[in-house]
Enquirer: 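Have a look at this one before I ask anything.
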Amino acid sequence: KLDFTGQNVYNQVKELLNTKPEAVYVNGNLFSLYPIVHQLRKKHIPVLTSSMKDGKKIIIRIPSGS
């Protein structure tokens, strides 16, 4: 089970941002990863995921929602 308490999310996002990524790729259940995705989008880090379109696997950017 994933533990997304406030401090845990903060520490995971901080660890990711220390690497200074241009973008972050997220794979898996986006509903369970939403707290981290939300914090990354607030920091203006592009978040990417994969999807299927016309039988081909494509990479898409998750919009910020604001």
Side-chain angles (χ1 to χ4, degrees):
K1 182 178 175 183
L2 298 172
D3 178 29
F4 289 124
T5 58
Q7 190 63 32
N8 192 14
V9 170
Y10 174 78
N11 289 336
Q12 289 180 352
V13 170
K14 184 178 175 183
E15 186 177 316
L16 279 169
L17 293 177
N18 282 339
T19 62
K20 297 186 181 8
E22 289 185 29
V24 175
Y25 178 79
V26 192
N27 194 10
N29 185 358
L30 290 178
F31 184 75
S32 66
L33 297 172
Y34 179 75
I36 293 177
V37 170
H38 179 70
Q39 289 301 314
L40 289 169
R41 295 299 300 136
K42 281 177 67 175
K43 301 283 185 181
H44 303 286
I45 302 293
V47 179
L48 309 172
T49 190
S50 62
S51 183
M52 296 293 283
K53 183 176 181 181
D54 300 327
K56 296 180 181 178
K57 191 173 184 179
I58 59 171
I59 295 177
I60 57 172
R61 182 179 61 84
I62 297 174
S64 64
S66 56

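Worth saying up front: this structure is predicted, and the values here are computed from it rather than measured.
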Enquirer: Would you please name every residue forming a side-chain contact (heavy atoms from CB on, under 4.5 Å) with K43, sequence neighbours left out?
Expert: L17, I45
Enquirer: Measure across R41 and P46 and return the closest heavy-atom pair with its distance rounded to 0.1 Å.
Expert: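 Nearest heavy atoms, R41 then P46: NH1-CA, 3.6 Å.
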Enquirer: Going by the rule side-chain contact (heavy atoms from CB on, under 4.5 Å), which residues pair with D54 if we only count those two or more places apart in sequence or in a different chain?
Expert: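 So D54 forms no side-chain contact (heavy atoms from CB on, under 4.5 Å) with any residue.
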Enquirer: Sorted by first residue and then second, give each side-chain hydrogen bond (donor to acceptor under 3.5 Å, both in side chains) pair with at least one member in residues 14-27; sequence neighbours left out.
Expert: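 Matches after skipping sequence neighbours: Y25-S50.
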Enquirer: Quick one: CG on L16 to CG on N11, what's the gap to the nearest 0.5 Å?
Expert: 11.5 Å
Enquirer: Could you measure the distance from the CG atom of L48 to the CD1 atom of I62? Nearest 0.5 Å is fine.
Expert: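 Output value for this atom pair is 8.0 Å.
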Enquirer: Is there a side-chain contact between I36 and L40 (heavy atoms, below 4.5 Å)?
Expert: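 Yes, at least one pair of side-chain atoms sits under 4.5 Å.
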